[in-house]
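Note that this is a predicted model, so its numbers are computed, not measured. By convention here, the first residue in the shown sequence is residue 1.
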Amino acid sequence: MAAFMMELTRSRLVAIIRGTDRDAAAAAALVLFEEGISCVEIALTTPGALEAIEKIRRQLPDGAWVGAGTVLTAADAMDAAAAGAQFVVTPGVTESISAAAGLGLPVLAGAFTATEAMDAMSRGASAVKLFPASAAGPGYLSALRGPLPSIPFIAVGGVGLADAPGFFRAGAVALGLGSPLVGDAATPAGNLASLRTRARQFIQVVVDEAAAR
């Protein structure tokens with residue numbers, strides 16, 4: 001878990017793939033790894049998600065992490081672990097948090113309020129996924145961090161390229177990026193060249209943020 005959090009806070013980006021095809025999802029993940037995004041989540045709502053995770057694990061570059069998203073139940077957590085997921089992500093405070101933590105998997109647990117964030121951490125979450133972040137904005141994240149400075153928050157949900165600097169300045173340790181990054185790349189007709197461009201743009205935001213410190 002410590003190794004994952006070290007990589008997350010170094011790279012500061014998690015790609016969220018919620019696609020329509022397992023092979024396209026796997027192909028998109030591998031492109032993201034090539035471009036330097038080291039943490040990629042495959043949502044279990046993607047058809048064949050577990051098979052996609054298995055495929056990615058067989059081709060996983062050194063230092064890269066593949067996880068399972070939309071992990072709702074203890075059974076989901078067990079299935080994700082069996083497929084080779086190295087971390088799990090939840091949309092809310094669910095039974096899967098403690099189940100996954102019990103399997104030794106880092107958990108990015110969805111929460112929106114201070115109460116939910118504290119509950120998620122008490123269940124074994126490694127970090128809290130503020131979701132949907134775009135509904136509240138960077139100011140809300142900053143306010144949450146006031147009484148909860150020790151909780152690592154990841155801003156997820158509608159965070160676009162223009163929004164990223166604000167969430168970093170508000171204290172997000174990382175951003176979770178779905179459609180603003182992935183677009184249509186996880187579909188059979190997806191444009192992987194455009195995915196590469198977007199990945200480089202988000203990575204540049206991270207570089208710029210580090211330089212501004």
Side-chain angles (χ1 to χ4, degrees), residues 3-4 7-8 11-91 94 96 99-100 103-110 129 131-132 154 156-161 164 174-204 206:
F4 173 74
E7 179 57 27
L8 181 65
S11 65
R12 308 199 74 182
L13 300 174
V14 179
I16 302 166
I17 295 179
R18 190 181 302 277
T20 61
D21 177 86
R22 68 178 185 185
D23 293 331
L30 294 173
V31 164
L32 289 166
F33 292 140
E34 289 173 4
E35 292 301 327
I37 292 180
S38 58
C39 300
V40 175
E41 162 198 343
I42 306 296
L44 293 187
T45 52
T46 301
L50 296 174
E51 291 86 351
I53 292 169
E54 291 174 348
K55 183 175 182 178
I56 295 165
R57 276 303 302 267
R58 292 194 294 269
Q59 303 175 67
L60 196 69
D62 291 341
W65 296 74
V66 61
T70 321
V71 177
L72 303 178
T73 66
D76 287 341
M78 293 179 65
D79 289 343
Q86 297 162 290
F87 65 96
V88 303
V89 185
T90 78
T94 67
S96 58
L103 293 169
L105 294 174
V107 182
L108 309 181
K129 179 182 88 170
F131 177 79
I154 300 163
V156 182
V159 179
L161 195 63
L175 307 176
L177 306 170
S179 57
L181 169 63
V182 178
D184 68 351
T187 66
N191 188 327
L192 296 180
S194 294
L195 176 63
R196 290 184 186 277
T197 298
R198 291 190 296 272
R200 292 169 190 170
Q201 290 172 333
F202 275 105
I203 290 171
Q204 188 61 49
V206 174

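- In this structure, Arg12 CZ and Ile203 CD1 are separated by 13.5 Å, a value rounded to the nearest 0.5 Å.
- Rounding to the nearest 0.5 Å gives a distance of 15.0 Å between OG1 of Thr187 and CZ of Arg18.
- Side chains of Val40 and Ile56 form no contact here, defined as non-hydrogen atoms less than 4.5 Å apart.
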Checklist entry - Would Trp65 and Phe4 satisfy ring pair (Phe, Tyr, Trp, His ring centres under 6.0 Å), going step by step from the backbone distance to the final call? => result CA-CA 8 Å; Trp65 296 74; Phe4 173 74; 5.2 Å; yes

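- Residues Ala43 and Ala49 come closest through the heavy atom pair O-CB, 3.4 Å.
- Atoms CD1 and CD, on Ile53 and Gln86 in that order, are 10.0 Å from each other to the nearest 0.5 Å.
- You'll find the side chain of Leu50 reaches within 4.5 Å of the side chain of Leu44, heavy atoms only.
- The only member of Leu13, Leu32, Val159 that meets side-chain contact (heavy atoms from CB on, under 4.5 Å) when paired with Leu181 is Leu32.
- Under a 3.5 Å cut-off, the side chain of Asn191 and the backbone N or O of Asp184 do not form any donor-acceptor pair.
- Taking CD1 from Ile37 and CZ from Arg196, the interatomic distance works out to 11.5 Å, rounded to the nearest 0.5 Å.
- What you find for Ala186 and Ala25 is that their closest heavy atoms are CB-CA, 4.1 Å.
- Remark: the backbone N or O of Val182 is paired with a side-chain donor or acceptor of Arg198 at under 3.5 angstrom.
- The two residues Leu195 and Val31 have their closest heavy-atom pair at CD2-CG1, 3.9 Å.
- Minimum interatomic distance between Ser38 and Glu7 (heavy atoms only, all atoms of both residues): OG-OE2, 2.5 Å.
- The closest donor-acceptor contact from the side chain of Asp76 to the backbone of Thr73 lies under 3.5 Å.
- Gly176 approaches Ile154 most closely through the heavy-atom pair N-CG2, 3.7 Å.
- Proximity of Asp23 to Pro188: side-chain heavy atoms (C-beta onward) are nowhere separated by under 4.5 Å.
- Each of Thr90, Val89, Val156 was evaluated against Leu108; a single residue qualifies, Val89, per the side-chain contact (heavy atoms from CB on, under 4.5 Å) test.
- In this structure, CD1 on Ile17 lies 11.5 Å from OG1 on Thr45, to the nearest 0.5 angstrom.
- Across all non-hydrogen atoms, the minimal contact from Ala29 to Ile42 is CB-CD1, 4.5 Å.
- Interatomic distance, Cys39 SG to Leu177 CG, rounded to the nearest 0.5 Å: 11.5 Å.
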